[in-house]
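Shown next, in structure tokens, is the structure this report addresses.
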Amino acid sequence: MSYQNTLDFSREMDNQDSLKRFRDKFHFPSFHENGVVYFTGNSLGLQPKSTGEFIQKELDAWAKYGVEGHFLAEKPWFEYHEFLTEKASKVVGAKPEEVVVMHSLTTNLHLLMVSFFKPEGKRRKIICEAKAFPSDAYALESQIKFHGLNLEEDLIEIAPRDGEHLINEDDILSAIAEAGDALALVMIGGVNYYTGQLFDMKKITEAGHAVGAVVGFDLAHAAGNINLELHDWGVDFAAWCGYKYLNSSPGGVSGIFVHERHANRPELPRFAGWWGYDKETRFLMEPGFKPMYGAEGWQLSNAPVLGMAAHLASLDIFEEAGMERIGEKRDALTAFLEFVIEDISKKNADRCEFEIITPRDKSKRGAQLSILVHGQGRELFDELTRQGVIADWREPNVIRIAPAPLYNSFEDCFRFGEYLQNAIQ
Ligand SMILES: *Cc1c(COP(=O)(O)O)cnc(C)c1O
């Protein structure tokens, strides 16, 4: 399709957008006189207007029932997490028993690695991406030390080749093959937070399994963004946070996936807690841990209901929109934004230089574009911020922007271009 960098064209695209009415389901930040172009749904998604009601409902139930709310609330807290499971499983392409919402992301990565990173003899290496999100890097590092292993030898980081920004996927696959029976775990971000590069999770999973390793993904930047098929791809485990594309409140609850093939393996090591214990006999409080079937067997604590309520409000919206439509709009919106940026870049070629380091191929990215700004990047970013663009700056010189298909419009992309042009001037 041929795009035009004009207001009329962007509005025409909005008119044809099947998700157009979803924009109105969200609160847009109101602190800026121009209104904002909100392109940080990859960092903290906007608040659905329904979130307040969902949380208020549980506050009311708490006021009315006290502890009895565990059973008497309209959605009894005792099983509150269950109301989220099926909706969350649709977002990531899993069977309901493979998914549970619990705790927070980094906590969950650790809990899953306790079960799925089991170094034994020669098989003890982890493959991950270089420059992973810092929390993941610390989690991996501490897991390796926890097992008394050696970081230098046992953590294999796959970096972009010299002079390149993206990781060549063949380098991941060949590192996996090369590590062979010394490889215990592959743990990669499904979408790299910095470049927006999307990895072929199916291929990586197959490669890992071919050498007998376990394969897990951090889907912080993929859940609610990418059309995932975790079950069919055969991924062993995954975790994601609820507050980026999933719009479920700052620091909100996380989701985990554990493939069906691990659903009934009580022998797996785990750090257990009472909420992972067989639900029917949990309150007999007997010694000896009997895990629940499937992902629920990894829960430690009873559900933080207020955070869960915020997540439920958002998952309802995802269910209504459907990941298929979200994916279609994501590709169109991102391609249009890319076109606008390139147009502005061409028009100002004598003054500045932008380089979009995110893959051009839409099958290799989601909603995010990372722009490497040569020259006066920080000043440009600050000027964009002054005009009302909410974007993300990463040292030394990258601006990350993410048009979220549920609430961003084609007009937002056009406006971004206008602000960018102003900022250059
Ligand atoms: C956002 C993000 C996190 C954040 O972890 P929390 O435990 O939710 O604070 C971790 N890893 C990745 C890859 C992220 O993008």
Query raised in the report: Taking side chain as C-beta onward, heavy atoms only, is Val215 less than 4.5 Å from Val235?
Result: no
Query raised in the report: SG/Cys128 to CG/Leu155 distance, rounded to the nearest 0.5 angstrom?
Result: 4.5 Å
Query raised in the report: Ion pair present between Glu338 and Arg365, side-chain N to carboxylate O less than 4.0 angstrom?
Result: yes
Query raised in the report: To the nearest 0.5 Å, how far apart are OG1 in Thr358 and CG in Leu198?
Result: 11.5 Å
Query raised in the report: In terms of heavy-atom contacts, does CD of Glu324 have more than 12 from other residues, nucleotides or ligands at under 6.0 Å?
Result: no
Query raised in the report: What pair of heavy atoms forms the shortest contact from Asp200 to Lys364, and how long is it?
Result: CB-NZ, 4.1 Å
Requested in this report: Applying side-chain contact (heavy atoms from CB on, under 4.5 Å), run through Leu306 and Leu59 and close with a yes or a no.
Outcome: CA-CA 8 Å; Leu306 301 184; Leu59 290 174; 4.1 Å; yes
Query raised in the report: Only one of Leu268, Val114, Asn108, Val100 clears side chain to side chain contact (heavy atoms under 4.5 Å, CB included) with Trp298; which?
Result: Leu268
Query raised in the report: With the threshold set at 4.0 Å, does a side-chain nitrogen-carboxylate oxygen contact exist between Lys57 and Glu53?
Result: no
Report summary line: Correct closest heavy-atom pair for Pro403 and Thr334 would be CG-OG1, 4.1 Å
**Report entry** Donor-acceptor contact present, side-chain Asp412 to main-chain Val37, <3.5 Å
**Finding:** no
Query raised in the report: Would you say the side chains of Trp393 and Glu395 form a donor-acceptor pair under 3.5 Å?
Result: yes
Query raised in the report: Do Ile226 and Tyr245 come close enough that some side-chain heavy atom pair is under 4.5 Å?
Result: no
Query raised in the report: Got a salt bridge between Arg21 and Glu320, using NZ or NE/NH1/NH2 to carboxylate O under 4.0 Å?
Result: yes
Query raised in the report: Is Asp392 reaching over with its side chain to a backbone N or O of Ser43, donor-acceptor style, under 3.5 angstrom?
Result: no
Report task. Answer yes or no: is there a side-chain heavy-atom contact under 4.5 Å between Pro48 and Phe26? Result -> yes
Requested in this report: Look at atom CG of Asn15 and say whether more than 12 heavy atoms of other residues, nucleotides or ligands are closer to it than 6.0 Å.
Outcome: yes
Report task. Ignoring hydrogens and angles, tell me if any N or O in the side chain of Arg270 forms a donor-acceptor pair with the backbone of Gly297 under 3.5 Å. Result -> yes
Query - Verdict with reasoning, Asn247 to Tyr407, per side-chain contact (heavy atoms from CB on, under 4.5 Å) - result: CA-CA 11 Å; Asn247 314 319; Tyr407 51 76; 3.7 Å; yes
Report task. Grab the two heavy atoms, one from Leu183 and one from Ala213, that are nearest each other, plus how far apart they are. Result -> O-CB, 3.5 Å
Query raised in the report: Given Asp181, which of Lys125, Lys122, Arg123 fulfils the salt bridge (Lys or Arg N to Asp or Glu O under 4.0 Å) condition?
Result: Lys122
Query raised in the report: Would you say the side-chain atoms of Arg282 pair up with the backbone N or O of Trp274, donor to acceptor, closer than 3.5 Å?
Result: yes
Query - Pairwise side-chain contact, Ile390 with His32, heavy-atom cut-off 4.5 Å (strictly under) - result: no
Report summary line: What one should report as the nearest heavy-atom pair of Ala159 and Ile167 is C-CG1, 4.2 Å
Query - Donor-acceptor pair between His81 and Glu296 side chains, under 3.5 angstrom - result: yes
Requested in this report: Specify the closest pair of heavy atoms between Ser142 and His110, including all atoms of both residues, with the distance to one decimal.
Outcome: OG-CE1, 3.3 Å
Query - Asp232 bridged to Lys202 by N-O distance under 4.0 Å - result: no
**Report entry** Donor-acceptor pair, side chain of Ser370 and main chain of Ile357, under 3.5 angstrom
**Finding:** no
Query raised in the report: Hey, does the side chain of Ser248 reach the backbone of Tyr243 with a donor-acceptor pair shorter than 3.5 angstrom?
Result: no
Query raised in the report: Just how far is it from atom CG of Leu185 to atom CG of Leu112, taken to the nearest 0.5 Å?
Result: 10.5 Å
**Report entry** Euclidean distance, Tyr38 OH relative to Asn408 CG, rounded to 0.5 Å
**Finding:** 9.5 Å
Report task. Count the heavy atoms of every other residue, nucleotide or ligand shown that sit under 6.0 Å from CD of Glu74, and state whether that count exceeds 12. Result -> no
Query raised in the report: Under the side-chain contact (heavy atoms from CB on, under 4.5 Å) criterion, do Leu380 and Leu420 qualify, and how do the steps go?
Result: CA-CA 8 Å; Leu380 187 77; Leu420 189 57; 4.0 Å; yes
Query - Partner of His262 by ring-ring contact (aromatic ring centres under 6.0 Å, His included), out of Phe257, Phe116, Phe237 - result: Phe116
Query - side-chain contact (heavy atoms from CB on, under 4.5 Å) between Phe414 and Met13, worked out - result: CA-CA 11 Å; Phe414 171 75; Met13 292 291 284; over 6 Å; no
**Report entry** Validation row: Phe146, Met113 side chains within 4.5 angstrom (heavy atoms)
**Finding:** no
**Report entry** Side-chain (Thr40) to main-chain (Ala391) donor-acceptor, under 3.5 angstrom
**Finding:** no
**Report entry** Heavy-atom neighbours of Glu178 CD exceed 12 at 6.0 Å
**Finding:** no
Query raised in the report: Between Glu342 and Arg360, is there a salt bridge with N-O shorter than 4.0 Å?
Result: yes
**Report entry** Qualifying residue for salt bridge (Lys or Arg N to Asp or Glu O under 4.0 Å) with Asp316, from Lys87, Lys49, Lys25
**Finding:** Lys87
Query raised in the report: How many angstroms lie between atom CZ of Arg161 and atom CG of Asp170, to the nearest 0.5 angstrom?
Result: 7.0 Å
Query - ring pair (Phe, Tyr, Trp, His ring centres under 6.0 Å) between Phe78 and Trp275, worked out - result: CA-CA 10 Å; Phe78 177 72; Trp275 233 249; 5.7 Å; yes
Requested in this report: For the pair Ser254 (side chain) and Trp240 (backbone), establish whether a donor and an acceptor sit closer than 3.5 Å, ignoring hydrogens and angles.
Outcome: yes
Query - Side chain to side chain, Tyr193 and Gln368, heavy atoms closer than 4.5 Å - result: no
**Report entry** Short side-chain to backbone donor-acceptor contact, Asn42 and His221, under 3.5 Å
**Finding:** no
Query raised in the report: Can you find a heavy atom in the side chain of Cys413 that is under 4.5 Å from one in the side chain of Phe39?
Result: yes
Query raised in the report: Are more than 12 heavy atoms from other residues, nucleotides or ligands located less than 6.0 Å from atom CD of Glu152?
Result: no
Query raised in the report: So, are Glu418 and Arg415 salt-bridged, with charged N and O less than 4.0 Å apart?
Result: yes
Query raised in the report: Any chance CZ of Phe289 has more than 12 other-residue heavy atoms, nucleotides or ligands included, within less than 6.0 Å?
Result: yes
**Report entry** Exercise: identify the closest heavy-atom pair between Leu333 and Pro405
**Finding:** CD2-CA, 4.0 Å
Query raised in the report: Using 4.0 Å as the upper bound for N to carboxylate O, is an ion pair formed by Glu319 and Lys90?
Result: yes
Report task. Would you check if Trp62 and Val305 make a side-chain contact, meaning some heavy-atom pair closer than 4.5 Å? Result -> no
**Report entry** Whether over 12 other heavy atoms sit under 6.0 Å from Tyr293 OH
**Finding:** yes
Query raised in the report: Hey, is Arg325 close enough to Glu328 for a salt bridge, meaning N to O under 4.0 Å?
Result: no
Requested in this report: Spell out, as yes or no, whether a donor-acceptor pair under 3.5 Å connects the side chain of Glu98 to the backbone of Lys95.
Outcome: yes
Report task. Let me see the working for Asp382 and Arg378 under salt bridge (Lys or Arg N to Asp or Glu O under 4.0 Å), right down to the final yes or no. Result -> CA-CA 6 Å; Asp382 290 342; Arg378 182 73 215 198; 3.2 Å; yes
